[in-house]
Amino acid sequence: MNFDPAARTVCDLLPGEWATVSAINHDAGIGRRLLSLGLMPGCRLRLLRRAPLGDPIMVELPGCVVCLRRLDALSVSVQEECLQTS
Amino acid sequence: MSANVLIATPPMTVALIGNPNTGKTTLFNRLTGTRQRVGNYPGVTVARKTGGMEIDGRAVTVIDLPGAYSLAATSPDERIAIESLQGWIEALPDVVVCLVDATHLRRSLFLARQLADLGRPLIIALNFTDEMRTRGLSIDADRLAQRLGTRVIPIAARNGEGIGRLCAATSETFASPPVSRPPEWPVSVAESVALLRSELARRGGATVEDALLRRMLFEDDHALLGRLGVACQECAPLLDRVRRPIRTAGMHPLAAEALVHYRFIDSVIAEVVSRAANAKPGRTERIDGVLTHRVSGLLIFAGLMFVVFESIYTFATPAMDGIEAAAALLRGWVRPLLAGTPMFQSLVCDGAIAGAGGVIVFLPQIFLLFFFIALLEDTGYLARTAFLMDRLFGWCGLNGKSFVPLLSSYACAVPGVLATRTIEDPKARLLTVLVAPLMSCSARLPVYVLMIGAFIQPVYGATVAALVLFAMHLVGLVVALPAAWFFNRKVLKIRVQPFLLELPPYRMPHPKDVLWRMWEGGREFLKRAGTVILAMSILIWAALYFPRPARIVDETRREFVAATATAATTTPGAIEARLAANDAVLQAALDHEIAANYLEQSFLGRAGKAVQPLFAPAGFDWKITVGVLASFPAREVIVSTLGIIYHLGEDAQGDSLRDALRKAKWTDGALAGRPVFTLATALSVMIFFALCMQCGSTLAVIARESGRRWAVFAFVYLTALAWVAAVLVFQIASRIS
């Protein structure tokens, strides 16, 4: 699955919203680091909150919580989940 | 007998490796007893550390490798880890202990799988089992061991649970390494490995293990290939060729490793981890809801930072005053003992004791700072401050982690620079070090108070005075961010590193670890910076003391007597008589005069007069210039130096010095007879002191932390910046007023 820069990304999620990773841009440095944390297409993640100034964002990955800058987070595109709550 | 034991039990080397925040440093401390930094913040262990211990009479060396998420080196820390495990840094470790966070099993096992692929004797230490239980999780350690083909030892490093079993397992693994079960690689990866092997063989390079070839395939970093003698420009096309099978199989080469490992890990986790039905939702998430909230989070943050800053500033003051008083007491006690040898007396009292006092006086602040940093870091809050502050600092190449070091620099840049160790991005760390000296430290306060008290408060009132004082504290920060931006873009020219910060769960710090960290910070400062500061104090003492021609005493006395006689309309003889009768007031005035003339004649005094034209555009006369030069090792020296130059003696402060400054007139040149100090001069002096790198201690610490080259760079840029700003302020202010 190739990375589509126009797709919806983690940045577009609402605080508290879950989504499934559809693609990761492995050519960006952040992609590789996320991959080693176990984030790959098919994984579920959740946007926990944004920092008070809007950036960076706090994301719950499977098994850990990380803080990402929006610019870096654009490398992770997601598919929203229809009416799923957790 | 003992010789036999030694032969029978050869020493063993154990490498400790694990993700950041897995309690690796705590385990290292529990194993070796030599405590060191313990962090709850990714990347705390920057340097590789070793410690000694004994298992069943066998000497064991434990190597504490830097925290790493992956063997694919994305940072210098991670490179150190892989190179140690290849035996390139020193001897190959006999046993590798991989620390795994039981509460973050999925993420932690990735590194464990990479290690398994390397094929070294491996043990998994499953840490935080206590925390796991309270969270309602359980892990079937035996089943996990079976699936991984390695020993798995559940421990709780904080309270020492399971350490004995871990030691026993290390011994057993050393004696009889288990047959590890390496990951099963897809055919395409095997094909790529074979291709790479033949390419390397064609070049006549040394043969290497498959595991190392796989590391080259999966990484974008060419350092490993370079080690095998492949030229830099050949690496990319070579890797492109040999990765073709992986790509044909539909995998991104850089993603292939993670895909294979995590597929395995996910199947293992499904089998060994069970979650109690009544598992509580994360405590961390609830705390984060408050501490990183956009309103309450910021309020609590501001409050906490205020407390930290205030404590470093206020709690340290009594101790610092005490140290200064003790140094003064010691000088007073030693001075008469050495009265027979005036030069030696001055060297000991004004050079050595004053210099040593100037080092030790920082200790209270450094202890407090490291106490707070350890506390913030070990609880996990420091990572949250980075989250809150990143936006403010990110645009200029710093990052959220720069906040705490910069805040600490407001008390003193020395602990501030030391605190940059918490920043793992090397570029952001260097930038923070370079701008930290701009923060208005407590040593600048006496200069501000003197200038504002003499020239602003009497004319403009207390409110303006307070505003100016506040503005002086803001100047550094306002200059620092654009300066960082400029260095980032024009000097360092390193592309933006992605900022990925793990937010560790909130944990209760162990008091022993916090106190150890505090002690270690202070000790290291004394050892590393103390010696340099002391040496510099003695150098500057010599520049102020020598050449000290003996004729100055007589000349000064003659002039003094004549001048005093004229002023008091008596004869010089009467004045001589009063001096001979030990008139205390008159004698003190004469002594101050002699001290001032010695200072004027000293190497530094002459240098001040020589370079004064350079400072003339900023409105400095030679006296201020000497003061400026004398304060390069420590800016607070300016007040006592001005005291001496203005013939008031070293202890002159407050009113008398303020008056002397107000009365000072230009003695020659176009301005002769006009006051030296105007509002413009006062502002220019303050801005100079606000921006200039007048602190030998900070320079010494920067040299230790970032290298001598950067210390020189910081010195040059800050001094130039201070000069330009002082000239600008003086020229503009003198035209307006």
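In what follows, chains carry the letters A, B, and so on, assigned in the order in which the sequence lines appear, proteins first and then strands, with residues in each chain numbered from 1.
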Next on the checklist: If we ignore hydrogens and angles and just use 3.5 Å, is the side chain of R106(B) paired with the main-chain N or O of G38(A) as donor and acceptor?
Outcome noted: yes

Checklist entry - Is there a donor-acceptor pair closer than 3.5 Å between any side-chain N or O of D390(B) and the backbone N or O of R69(A)? => result no

Item to check | Per-residue contact mode, L298(B) against chain A (heavy atom under 4.5 angstrom) | outcome: side chain

Item to check | L392(B) versus chain A, the contacting section by heavy-atom distance below 4.5 Å | outcome: both

Next on the checklist: With a 4.5 angstrom heavy-atom cut-off, is it the side chain or the backbone of I57(A) that approaches chain B, or both, or neither?
Outcome noted: backbone

Next on the checklist: One pair to check against side-chain contact (heavy atoms from CB on, under 4.5 Å): L501(B) and V66(A). What are the steps and the verdict?
Outcome noted: CA-CA 6 Å; L501(B) 175 68; V66(A) 295; over 6 Å; no

Gap separating the [atom1] atom of [X] from the [atom2] atom of [Y], nearest 0.5 angstrom:
| X | Y | atom1 | atom2 | answer |
| --- | --- | --- | --- | --- |
| R294(B) | R50(A) | CZ | CZ | 8.0 Å |
| M58(A) | D288(B) | CE | CG | 4.5 Å |
| M40(A) | L259(B) | CE | CG | 5.0 Å |
| L35(A) | Y69(B) | CG | OH | 14.5 Å |

Checklist entry - Is the shortest side-chain N to carboxylate O distance from E285(B) to R46(A) below 4.0 Å? => result yes

Item to check | Heavy-atom check, side chain of L500(B) versus side chain of L34(A), under 4.5 Å | outcome: yes

Next on the checklist: My understanding is that only residues two or more places apart in sequence, or in another chain, count here; which of them pass side-chain contact (heavy atoms from CB on, under 4.5 Å) with A428(B)?
Outcome noted: N399(B), I423(B), D425(B)

Checklist outcome for this item: Taken in chain and number order and not counting sequence neighbours, the residues that satisfy side-chain contact (heavy atoms from CB on, under 4.5 Å) with V260(B) are W185(B), P186(B)

Which pair of heavy atoms, one from [X] and one from [Y], lies closest together, and at what distance?
| X | Y | result |
| --- | --- | --- |
| F499(B) | D72(A) | N-OD2, 3.0 Å |
| L37(A) | Y262(B) | C-OH, 3.1 Å |
| F110(B) | S36(A) | CD2-O, 3.3 Å |

Checklist entry - With chain A, which of R107(B), M389(B), H252(B), E257(B) has the greatest number of heavy-atom pairs at distances under 4.5 Å? => result H252(B)

Next on the checklist: Within the supplied structure, the quantity of interest is the number of heavy atoms (other residues, nucleotides, ligands) at a distance under 6.0 Å from R247(B) CZ; does it exceed 12?
Outcome noted: yes

Checklist entry - For R391(B), does the CZ atom sit with more than 12 other heavy atoms under 6.0 Å from it, leaving out its own atoms? => result no

Checklist outcome for this item: chain B shares the most heavy-atom pairs under 4.5 Å, among V65(A), L39(A), L48(A), with V65(A)

Item to check | Max heavy-atom pair count under 4.5 Å with chain B, selected residue of P52(A), C67(A), G63(A) | outcome: C67(A)

